[in-house]
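In what follows, chains are A, B, ... by sequence order, proteins preceding strands, each numbered from 1. Excluded from the calculations below are hydrogen atoms, water molecules and symmetry mates; all remaining heavy atoms, backbone and side chain alike, are included.
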Number of protein chains: 2
Amino acid sequence: MNLKQLSEHLGLSQTTVSRALNGYPEVSEKTRQKVMKAAREANYQPNTRARSLATGRAMAIGHVIPVSTQHEMVNPIFGDFVAGAGEVYSARGYDMLLSLVPDRDEEAFYRDLRIKGNVDGIVVHGPRMADPRIGLLDELGLPFVVHGRASEVTAGYNYVDVSNVRAMREATTHLTDLGHRRIGLINGLETLDFGNRRRRGFLEALEHAGLTANPAWMTSDDMTEAYGFDAANAMLSGAEQPTALVVSSMITALGVRRAVEARGLILGRDISVVTFDDDLSYLRNGTDAEPVFTAARSSVREAGRRVADILMARIDAPLAPPRTEMIPYRFMIGATSGPAPDG
Amino acid sequence: MNLKQLSEHLGLSQTTVSRALNGYPEVSEKTRQKVMKAAREANYQPNTRARSLATGRAMAIGHVIPVSTQHEMVNPIFGDFVAGAGEVYSARGYDMLLSLVPDRDEEAFYRDLRIKGNVDGIVVHGPRMADPRIGLLDELGLPFVVHGRASEVTAGYNYVDVSNVRAMREATTHLTDLGHRRIGLINGLETLDFGNRRRRGFLEALEHAGLTANPAWMTSDDMTEAYGFDAANAMLSGAEQPTALVVSSMITALGVRRAVEARGLILGRDISVVTFDDDLSYLRNGTDAEPVFTAARSSVREAGRRVADILMARIDAPLAPPRTEMIPYRFMIGATSGPAPDG
DNA sequence: AAACCCGTTCAAAGCGCTTTGAGGCTGGCC
DNA sequence: GGCCAGCCTCAAAGCGCTTTGAACGGGTTT
């Protein structure tokens, strides 16, 4: 059933039916009711592509996940982020177009996305410090929101981020306050903006406590479980060992725990661990009242919602000044951190 | 730059330019070269929506993720599955449309997807035993492939699955062979088909070993880390305790490990754990040579690729008989399983 | 030289919708 | 009774592409 058939069936013109359905004031309430009823009964839905062609709006948002050609990993936060964003899209009638793009093809990919016209806006994932995508998208005139930030980009742009520096500073300070003086950092990729900021927060806290960082105790990599295990193992088998570790993700922290327990050490007593926690649905950090890991928690799902909200607003008002928003985090004290052991 | 402009620029008709670009034989090689060159230089890409409208093909695949209204979880396998499928789609020029749909709206959602015409095919996630979606999609005439199976649906349909029964039987038999007689099952949702099959495999192996299952040692739920912890804890604090546990996912197994170690027990000695492993990129089970958990591993990413392949084939040949495919699994012996302790 | 044919190219219709600009009908007023 | 608003409704154009059916021109055949 298409519009033509529906209008013939009703004995009205396509114009009137279309207007009735789309809530235009030119059609009488009586007619509208009749049309709506018929549409419902016939199970009529306008063809998206035809409508898009006519209106010039794709009613779709593109999520471009950069896939490093070497690493080939899909960040586990992705599912929850997308779930958050999806809630907003479906409430607004938008579709979500997902593309995993090898990083070297990225520029061409964005260009084509614009030209082929299959999205009205884009969510930028995994920004780097001086991410060229921001300039490119601005130039293309394609509305976008960045999940995270690109600290070295000076131009204004829409983004939603969490206070990585502050969160990591607070996490680290928690440890220095407990008397820890030998603290390691098991960080995510520092080529990415968030990794860099987290490192900064970590270093600031050390400095504030009058400590100097030990380069052997700072690592950076994809935040897998195995990486947490390996990195913690390496640090714990050196001549001198840290008494506390700051970790950049829950999954990595699970690997750290595995390493710690494999050595027969007790978390929170022999060695303290504080982690960043994205509040993934399958990996909740205990309960609110009783977190397992001491952690800075910030909901990535909420981030997805906020990113989508801002993108929708931006699409509706393309000339509005850029909006930025910080997702709050909450620092929660669990059982994995405790006073520094003597010596 | 659109087709009209490009053809004017070339002094050719739209027909000729379109044909040249799409590789039709009616256009001379010389003209084709000229057109291709101009298109490249002008950075021309046909408008997807216009093309779709004209051809009737959306060039997009829908992934519908059912979101339980109570649970609101996003399965962590999702990212890797989608990455696998995405590889295939982009090689074939298809887009991926992602929708998270509350389970109660599902039927209407599929219907609309068909009518609105924004996808050429669908991937069905999380099938239940007698999943009504299969009949519905067949009735709608929308090509689809199921990730998993719906055991109680007798009609033929395309699916890609892993031998859940066999894998769990083998995993469980590994334990009975080691002398375990008190074995628990920490399973995923048994309302879903895979959960049900895994349970069946588990039970078959017990029966084959002449053992009877203890209902108190069989649980079923969303496969979170916390669930693994809680379930293992419950089983290990009963009057009688299992000496081995079969677990349905790596994440849950991590929770099980936490519970085991919190009690000061040693995995593989005091208690054995065997798990199903989807080979998630952020949660690799050690190395191939040295797996951490004893596990049945099957790549969900590969499953994504195969599902996409079959769906593409089905779209090209809608009348072909249904295709089904089993993703192999590999049983790997790690450090978490060992001989049953005495008593 | 006429007839034919093949290789190229073209104009125009159509995909299903929105939207503009125009027209028809009704009732109220003079 | 005639006229004008004001309310409804309509025909038709247009979104950018593909595809049908026709036409064109140059070479080959008879």
Roughly how many Å is it from [atom1] in [X] to [atom2] in [N], rounded to a whole number?
{"X": "B:Met1", "N": "D:dC17", "atom1": "CE", "atom2": "C1'", "result": "16 Å"}
{"X": "A:Lys4", "N": "D:dA12", "atom1": "NZ", "atom2": "P", "result": "13 Å"}
{"X": "B:Leu3", "N": "C:dA12", "atom1": "CG", "atom2": "C1'", "result": "14 Å"}
{"X": "B:Arg57", "N": "C:dC15", "atom1": "CZ", "atom2": "C1'", "result": "15 Å"}
{"X": "A:Glu8", "N": "D:dA11", "atom1": "CD", "atom2": "P", "result": "11 Å"}
{"X": "A:Leu10", "N": "D:dC10", "atom1": "CG", "atom2": "C1'", "result": "15 Å"}
{"X": "B:Ile115", "N": "C:dC17", "atom1": "CD1", "atom2": "P", "result": "11 Å"}
{"X": "A:Gln14", "N": "D:dC15", "atom1": "CD", "atom2": "P", "result": "17 Å"}

| request: Enumerate the residue pairs fulfilling ring pair (Phe, Tyr, Trp, His ring centres under 6.0 Å) with a member in residues 85-119 of chain B, sequence neighbours excluded, ordered by first and then second residue. | output: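 Those involving residues 85-119 of chain B are B:His63-B:Tyr89.
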| query | What string of B, S and - do you get for nucleotides 21-26 of chain D, 5' to 3', when a contact is any protein heavy atom under 4.0 Å? | reply | B-----
Please identify each residue that fulfils side-chain contact (heavy atoms from CB on, under 4.5 Å) with [X], with sequence neighbours left out.
{"X": "B:Glu302", "value": "B:Ser299, B:Arg305, B:Arg306, B:Ile327"}
{"X": "A:Ser13", "value": "A:Thr15, A:Thr16"}
{"X": "A:Lys37", "value": "A:Glu41"}

| field | By side chain to side chain donor-acceptor pair (under 3.5 Å) - contacts of A:Tyr282 (at least two apart) | value |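 A:Tyr282 satisfies side chain to side chain donor-acceptor pair (under 3.5 Å) with B:Asp222 once adjacent residues are dropped.
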| field | Qualifying residues under side chain to side chain donor-acceptor pair (under 3.5 Å), relative to A:Arg92, sequence neighbours excluded | value |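 A:Asp316.
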| request: Among the candidates C:dC10, C:dT18, C:dG14, find the nucleotide nearest to the side-chain atoms of B:Thr16. | output: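 Comparing C:dC10, C:dT18, C:dG14 against the side chain of B:Thr16, the answer is C:dC10.
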| Can you tell which of C:dC17, D:dC17, D:dT9 lies closest to the side chain of B:Asn2? |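 Output: D:dC17.
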| request: Kindly state each residue pair satisfying salt bridge (Lys or Arg N to Asp or Glu O under 4.0 Å) with at least one member in residues 93-104 of chain A, sequence neighbours excluded. | output: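 Qualifying pairs, neighbours excluded: none.
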| query | What pairs with A:Asp80 under salt bridge (charged side-chain N to carboxylate O under 4.0 Å, His left out), at least two apart in sequence or on another chain? | reply |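 Salt bridge (charged side-chain N to carboxylate O under 4.0 Å, His left out) list for A:Asp80, sorted by chain: A:Arg301.
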| request: Check whether the side chains of B:Asn22 and B:Arg51 place a donor and an acceptor atom closer than 3.5 Å, and report yes or no. | output: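 There is such a pair (donor and acceptor under 3.5 Å, judged by atom type) between the side chains of B:Asn22 and B:Arg51.
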| Given that B:Thr55 and B:Ser13 both sit by DNA chain C, which one's nearest nucleotide is further toward the 5' end? |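 Checking each residue's closest nucleotide, the 5'-ward one belongs to B:Ser13.
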| field | Short side-chain N/O contact from A:Arg51 to OP1 or OP2 of C:dG16, under 4.0 Å | value |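 For A:Arg51, the contact criterion (side-chain N or O under 4.0 Å from OP1 or OP2 of C:dG16) is not met.
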| task | Return the residues of residues 20-29 of chain B meeting this criterion: a heavy atom under 4.0 Å from some atom of DNA chain D. Order them by number, or give none. | result |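 Output list: B:Asn22, B:Tyr24.
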| message | Here's a test for you: under side-chain contact (heavy atoms from CB on, under 4.5 Å), which of B:Asp112, B:Asn118, B:Leu53, B:Leu113 qualifies with A:Thr48? | response |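 Between A:Thr48 and the candidates, side-chain contact (heavy atoms from CB on, under 4.5 Å) is satisfied uniquely by B:Asn118.
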| message | Using 0.5 Å steps for rounding, measure from the CG atom of B:Leu12 to the OG atom of B:Ser18. | response |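 Rounded to the nearest 0.5 Å, the CG-OG separation comes to 12.0 Å.
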| request: Please work out which residues in residues 30-50 of chain B have a non-hydrogen atom less than 4.0 Å from an atom of DNA chain C and list them by number. | output: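 Here the set is B:Thr31.
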Could you pull out all donor-acceptor pairs under 3.5 Å where a side-chain atom in residues 134-149 of chain B meets a protein atom, sequence neighbours excluded?
unit_1	atom_1	unit_2	atom_2	d
B:Glu139	OE2	B:Arg111	NH2	3.0
B:Arg149	NE	B:Asp161	OD2	2.9
B:Arg149	NH2	B:Asp161	OD2	3.2

